Amino acid sequence: MRLSHYFLPVLKETPAEAQIVSHRLMLRAGLIRQEAAGIYAWLPLGIRVLNKIKAIVHEEMNRAGAIEILMPTLQSAELWRESGRYDDYGKEMLRIKDRHDRDLLYGPTNEEMVTEIFRAYVRSYKQLPLNLYHTQWKFRDEVRPRFGVMRGREFLMKDAYSFDIDARAARRAYNRMYVAYLRTFARMGLKSIPMRAEAGPIGGDLSHEFIVLAETGESQVYCHKDLLDMPIPNEDTDFHGDLESIVRARTELYAATEDVHDSARFEKEVPPEKRLSARGIEVGQVFYFGTKYSAPMKAVVTGPDGKEVPVEMGSYGIGVSRLVGAIIEACHDDAGIIWPVSVAPFRVALINLKSGDVATDKACESLYSRLTTAGIETLYDDTDERPGAKFATADLIGIPYQLVVGPRGLSAGNVEIKVRATGAKHEMPADAAVEYLVQGN
RNA sequence: CGGGGCGUGGCGCAGCCUGGUAGCGCAUCUGCUUUGGGAGCAGAGGGUCGCGUGUUCGAAUCACGCCGCCCCGACCA
């Protein structure tokens, strides 16, 4: 992409309304624009990141055996009356009437609807286990939205729903999602820690929140330090097999958010030098809630014994739009964002230090063509800004590699690669630079 | 939902107290000079001062109402 033909509205000054660093950087780097309290438009750079995150989430969901569907944003109130949540959910739920005066709502979550889909088609235990997921915009009418996309009213969320014949099978389904989440967040460059959590209004009695440590995190968390150094399950993990050992290795160590924290237990179970108390951002949550929805909504299957039983369910959320903010909280410096390669909007920022200079232009065009041909997403700064402005923009938007081309380097036969994360600079001939950047893609 | 604050060119702000020609920096446009870490000079364009009502000869400025947004708390992915 040539910057001269792109839409990248970066701000030199910090917008007054943004308090936390991720919100400020998202506005400055031209990722989002606020359209109303807690409601954002996604600008070109922002939607690229959002899509990358979503793709990783989907890959790991599919790997774990979940199946993608897409449910609508608007739902009929009827479904929610069946589960009893139409009255329970309160003012957080955005209620709408259509032209026929029918009650609709903008979905804050989809347990009811997915249960309705399930019960319409599934009758036998032989069709289980089943896990259906989708990524869709949700709306929760927060009293006080804040922190940009970290706590917006409209947000993009992946939610998966598991259906099983009994509690044991449901537990295995829970474990599959638990392991998939460990992999998902690790792939985005985040260190996530599963912590015991309250089930909240979703309901249920087994739940973990996946927490990313960050100074600006919304909740206080307590855990055993060894959880920070747990290995990430491999890509070839057998999701049909027994995952209990992977889960148990983590759940047997103390980890809890402030809501369920028990300081006496914490001090008893964790030696002083292993105690970690920090702030954290919740990026995902897994629930097992049994028959909370299947029983009232009559989602039943016939078991091997010929008896009908309500299906055992769990739900598994990942805050996709929130993750953009969470990643920035974890990955930035004074100059701007530092995207992990896996979610970066572009892999390489090609910086022409002297647009209009024949030799420099020619070298850049050649590099741009070779990189894009090799499948490297490259943002080519071909504008006639001054070098300082180009460097500042590249640092701000956080592209992992800056490929810097100017007359001075070229006269020595070199271009320069700057690694955004470390600041390390390497001078080398153009051929070597292309090879360096193509590696590992 | 309680408490506090703010709405003035695209962005950041001053002006308001004490009513009288709407201002500054950045950005934008034109020209010249510059070009390896957010350039310099000269010129130009752009604002019903959130909306409404009232007070007044006269309202960005005073009063009242409304709307929007932000912050603290309670609540939450």
Side-chain angles (χ1 to χ4, degrees), chain A residues 9-20 23-24 27-28 30 33-39 89-93 107-110 135-159 181 197-202 207-212 217-219 257-259 280-287 315-326 334-336 351-357 360 381 383-396 402 404-412 414-416 418 423 425 427:
Chain A
V10 298
L11 305 176
K12 208 189 239 181
E13 290 173 283
T14 302
E17 74 266 21
Q19 297 299 309
I20 64 168
H23 190 194
R24 284 202 291 263
L27 293 168
R28 287 195 55 209
R33 173 166 182 81
Q34 180 167 328
E35 293 298 340
I39 300 179
Y89 218 94
K91 300 185 84 170
E92 270 200 358
M93 184 154 76
T109 177
N110 288 69
T135 296
Q136 180 61 286
W137 293 93
K138 308 283 195 293
F139 194 92
R140 292 184 192 169
D141 200 357
E142 298 282 344
V143 192
R144 190 182 159 212
R146 62 183 125 172
F147 304 150
V149 300
M150 298 277 283
R151 188 159 166 213
R153 292 193 293 170
E154 188 184 52
F155 56 99
L156 187 63
M157 180 175 172
K158 184 284 302 178
D159 40 327
Y181 277 27
E198 275 195 276
I202 306 284
S207 180
H208 287 90
E209 287 183 356
F210 284 71
I211 300 289
V212 170
E218 77 261 70
S219 48
T257 60
E258 56 193 334
D259 301 337
I281 300 168
E282 186 197 336
V283 290
Q285 185 162 12
V286 291
F287 302 92
S315 76
Y316 315 91
I318 290 181
V320 175
S321 49
R322 157 177 278 207
L323 270 167
V324 180
D334 289 345
I351 299 178
N352 183 334
L353 289 180
K354 195 168 183 179
S355 292
D357 177 78
T360 309
D381 191 343
T383 64
D384 55 8
E385 286 296 311
R386 300 167 59 85
K390 293 189 177 191
F391 289 132
T393 297
D395 285 346
L396 174 64
Q402 294 173 16
V404 182
V405 180
R408 200 173 80 194
L410 286 177
S411 66
N414 283 332
V415 297
E416 183 184 278
K418 175 179 152 186
K425 296 175 181 175
E427 290 218 6

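The model shown is predicted, which means the values in this text are computed figures rather than measured ones. We use all heavy atoms of the structure for the numbers below, so side chains are in, but hydrogens, waters and symmetry mates are not. Here is how names work: the chains are called A, B, and so on, in the same order as the sequence lines, proteins then strands, and each is numbered from 1.
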Under the ring pair (Phe, Tyr, Trp, His ring centres under 6.0 Å) test, residues paired with F139(A) that sit two or more places apart: Y106(A)
Distance in Å, T393(A) OG1 paired with Q402(A) CD, rounded so as to fall on 0.5 Å steps: 10.0 Å
Interatomic distance at P, rA44(B) relative to rG38(B), whole Å: 29 Å
Partner nucleotide of rC26(B) by Watson-Crick or wobble geometry (both distances under 3.5 Å): rG10(B)
Length of the CD-C1' vector between E142(A) and rC75(B), whole Å: 7 Å
Protein-nucleotide distance (F147(A), atom CZ; rC75(B), atom P), rounded to Å: 15 Å
Span that lies between the P atom of rC13(B) and that of rU8(B), in whole angstrom: 10 Å
Nearest-nucleotide 5' precedence on RNA chain B, A335(A) against Q34(A): A335(A)
Partners passing side chain to side chain contact (heavy atoms under 4.5 Å, CB included) against Q136(A) (at least two apart in sequence or in another chain): L70(A), T73(A), H134(A), K138(A)
Between protein and nucleotides 28-32 of chain B, what N or O pairs are separated by less than 3.5 Å?
none

Touch class at under 4.0 angstrom, heavy-atom based, for D395(A) against every strand present: base
base_contact_polar (rC76(B) base, R151(A) side chain, donor-acceptor, <3.5 Å): yes
N/O donor-acceptor pair under 3.5 Å between S355(A) side chain and T383(A) backbone: yes
Nearest-angstrom distance from the residue atom CD of E92(A) to C1' of rA74(B): 12 Å
Y181(A) side chain to Y316(A) backbone, donor-acceptor under 3.5 Å: yes
Span that lies between the P atom of rC41(B) and that of rC24(B), in whole angstrom: 15 Å
Inter-residue atom distance D141(A).CG - E154(A).CD, 0.5 Å rounding: 11.5 Å
Nucleotide paired to rU53(B) in any strand shown, Watson-Crick or G-U, under 3.5 Å: rA63(B)
rG47(B) and rU35(B), which share atom name C1', separated by this distance in whole Å: 35 Å
Sugar-phosphate, base or nothing in reach of K158(A), heavy atoms under 4.0 Å: nothing
Sugar-phosphate only, base, or nothing, as touched by G317(A) at under 4.0 Å among non-hydrogen atoms: nothing
Criterion side chain to side chain contact (heavy atoms under 4.5 Å, CB included) on E282(A) and V212(A), from CA distance to verdict: CA-CA 6 Å; E282(A) 186 197 336; V212(A) 170; over 6 Å; no
Proximity to the side chain of R386(A) - top-ranked nucleotide from rC26(B), rU34(B), rG36(B): rU34(B)
Under 3.5 Å on both distances, the Watson-Crick or G-U partner of rU35(B): none
Donor-acceptor contact present, side-chain K158(A) to main-chain V320(A), <3.5 Å: no
Nearest-nucleotide pick for Q19(A), side chain only, options being rA39(B), rC71(B), rG38(B): rC71(B)
Residue pair K418(A) / D395(A), side-chain heavy-atom distance below 4.5 Å: yes
Distance between P atoms of rA63(B) and rG5(B) (Å, rounded): 14 Å
rG47(B) - base-pair partner by Watson-Crick or wobble geometry, distances under 3.5 Å: none
Sugar-phosphate, base or nothing in reach of G388(A), heavy atoms under 4.0 Å: sugar-phosphate
Touch class at under 4.0 angstrom, heavy-atom based, for A36(A) against every strand present: sugar-phosphate
Nearest-Å distance for atom pair CZ/P, residues F287(A) and rA77(B): 6 Å
Touch class at under 4.0 angstrom, heavy-atom based, for V404(A) against every strand present: base
Flag, side chain of R24(A) to backbone of Q19(A), donor-acceptor distance under 3.5 Å: yes
Nearest-Å distance once atom P is located in both rG25(B) and rG20(B): 22 Å
Heavy-atom donor-acceptor pair, R140(A) side chain to E92(A) backbone, under 3.5 Å: no
Complementary nucleotide for rU21(B) - Watson-Crick or wobble, under 3.5 Å: none
Touch class at under 4.0 angstrom, heavy-atom based, for G152(A) against every strand present: base
Nearest-Å distance for atom pair CG/P, residues L353(A) and rU34(B): 18 Å
Reading 5' to 3' through nucleotides 1-13 of chain B, protein heavy-atom contacts under 4.0 Å coded B for base, S for sugar-phosphate only, - for none: B---------BSS
Spacing of D357(A) atom CG relative to rG36(B) atom P, expressed in whole Å: 12 Å
Among rG38(B), rC75(B), rA77(B), the nucleotide that comes nearest once only the side chain of K12(A) is considered: rG38(B)
Nucleotide rC70(B), atom P - distance to CD of E35(A) in whole Å: 13 Å
Any side-chain donor near an acceptor of the partner, S207(A) and Q285(A), under 3.5 Å: yes
Sugar-phosphate, base or nothing in reach of G284(A), heavy atoms under 4.0 Å: nothing
Euclidean distance, atom CZ of residue F391(A) to atom C1' of rG38(B) [Å, nearest integer]: 12 Å
Residue D384(A) excluded, over 12 heavy atoms near CG under 6.0 Å: no
Whole-Å C1' distance, rG23(B) and rA60(B): 12 Å
Whole-angstrom distance between rC17(B) and rU61(B), as gauged at atom P: 9 Å
Short side-chain to backbone donor-acceptor contact, R28(A) and L11(A), under 3.5 Å: yes
Annotated protein contacts, base or backbone, on nucleotides 42-47 of chain B with a non-hydrogen cut-off under 4.0 Å, one of B, S, - each: ------
E427(A): salt bridge (charged side-chain N to carboxylate O under 4.0 Å, His left out) partners, not counting sequence neighbours: none
